[in-house]
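Contents: one structure, followed by commentary.
As the structure lists them, so they are numbered: ligands from 1, and atoms in each ligand from 1. Every heavy atom of this structure was used, including side-chain atoms; hydrogens, water molecules and symmetry mates were not.
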Amino acid sequence: MIVQLKEEITDLQKDKLINEISQIGYKITEVKTQLGDYLIGIGKNDFDIRKIGQQEGIKDIHIVSDEYKLVSKKWKVKPTSIDLGDGIFIKDGDMAIMAGPCSIESEDQIVKIINHLKATGITMMRGGVFKPRSSPYAFRGLGIDGLKLWFGLAKEACIKIVTEVMQVSQIEEMYPYVDVYQVGARNTQNFNLLDELGKVDKAVMIKRGISGTIEELLQSAEYVFSGGNEKLILCERGIRTYERASRNTLDLNAVPILKAKSHLPVIVDPSHGIGIREYVPQMALAGVMAGADGIIYETHEIPEKAYSDGQQTLDFAQSALLADWIRKTFAMRKSFTLI
Ligand code: PEP
Ligand code: MN
């Protein structure tokens, strides 16, 4: 059960409410976010809400039978819109495009990518400064100095920054320079990291775990929400299956399912999803048709020279074409309604 409390609720009214709901058999957790104050009741699902619905201080009350509560569409039907400022949104009914290199490498590289994004009308740039690499000997990112350099250049160009945070200690130092904190597939169930991101007033995009289920992705989002941060985005980036012909198996089934189960925006990452440059555009467009609210992909001036993930990275000509196709495909998707 979720009880949204009125802003003006008194401590006395709240205590009375918690007491009554507990006595019915629910275990109560109070959640305070940027937008609201909630009581989450875990327990029986067949309860008649009229029994407490009349109590003072309640704004809204719902029974949510899903394991996750606050990210469920059973609680909030209206899609969540993420406002990054300067008129830039990630939201249902829109098509966000996030593009950039796998890794931030140098000032020259950042400038070239920003120029490409500006010319292509893309307002969100992805890139890693803290890189999770399978080998400890591979390039692991420029770190916080790289982020500061990137921030200076991106701000001037009015480009928003989407970048991965790998551990709790990085959250604070990254904060002034980040628009969207990305939680990587290897960290989807790092619950300490998720808890701490709940305390931050900035958007968080959570990637699906390498072998994570849809339900586990939603539970990870629930951690951040219940920690206090409602600014959440979900990302399907492919899962590990028995198939070795592609880097991962991009599970586009997850897109309509996530959209049906949750009010959060859903982004598709075809670059990590298939891992093969030639097939990234097809999978991006398939993601658009599957109902995604945005696409994130990797681009670099010379993909063959990229410090990481060059094999799945588009050059600027391919990226410009893809951005155009994404917009056209999205316009087509909007022009008809699927049953
Ligand atoms: C990335 O976006 O560069 C990345 C490392 O992604 P993932 O966590 O999905 O592997
Ligand atoms: Mn990558």
* Considering only NZ, NE, NH1 and NH2 on the basic side and carboxylate oxygens on the acidic side, decide whether Asp92 and Lys259 come within less than 4.0 Å. => yes

* Gln4 versus Asp37, side-chain donor and acceptor atoms under 3.5 Å -> no

* Count the heavy atoms belonging to other residues, nucleotides or ligands that lie under 6.0 Å from CZ of Arg240, then report whether that count exceeds 12. => no

* Asked: Side chain of Glu243, backbone of Ala245: donor and acceptor closer than 3.5 Å?
  -> yes

* Asked: Do His116 and Glu301 have side-chain atoms, one donor and one acceptor, less than 3.5 Å apart?
  -> no

* Asked: Aromatic rings Phe191 and Tyr223: how do their planes relate, parallel, tilted or perpendicular, breaks at 30° and 60°?
  -> parallel

* Indicate yes or no for a side-chain donor-acceptor contact from Arg277 to the backbone of Thr313 under 3.5 Å, with no hydrogens or angles considered. => yes

Quick one: table the atom pairs, ligand 1 N or O against protein N or O, below 3.5 Å, distance rounded to 0.1 Å.
residue: ligand 1; atom: 2 (O); partner: Arg126; partner atom: NH1; Å: 2.7
residue: ligand 1; atom: 2 (O); partner: Arg126; partner atom: NH2; Å: 3.4
residue: ligand 1; atom: 2 (O); partner: Gln182; partner atom: NE2; Å: 2.9
residue: ligand 1; atom: 2 (O); partner: Lys207; partner atom: NZ; Å: 3.0
residue: ligand 1; atom: 3 (O); partner: Arg126; partner atom: NH2; Å: 2.8
residue: ligand 1; atom: 3 (O); partner: Lys131; partner atom: NZ; Å: 2.9
residue: ligand 1; atom: 3 (O); partner: His272; partner atom: NE2; Å: 3.3
residue: ligand 1; atom: 6 (O); partner: Lys207; partner atom: NZ; Å: 3.0
residue: ligand 1; atom: 8 (O); partner: Ala185; partner atom: N; Å: 2.7
residue: ligand 1; atom: 9 (O); partner: Lys207; partner atom: NZ; Å: 2.9
residue: ligand 1; atom: 9 (O); partner: Arg237; partner atom: NE; Å: 2.7
residue: ligand 1; atom: 9 (O); partner: Arg237; partner atom: NH2; Å: 3.4
residue: ligand 1; atom: 10 (O); partner: Arg186; partner atom: NH1; Å: 2.9
residue: ligand 1; atom: 10 (O); partner: Arg237; partner atom: NH2; Å: 2.8

* Asked: Is any side-chain N of the basic residue among Arg126 and Glu298 closer than 4.0 Å to the acidic one's carboxylate O?
  -> yes

* **Contacts of the Mn ion (ligand 2) with protein N/O/S atoms, counting only those under 2.8 Å** => Cys102 SG, His272 NE2, Glu298 OE2, Asp309 OD2

* Asked: Looking at CZ of Phe89 and CG of Asp293, how far apart are the two atoms once the value is rounded to the nearest 0.5 Å?
  -> 14.0 Å

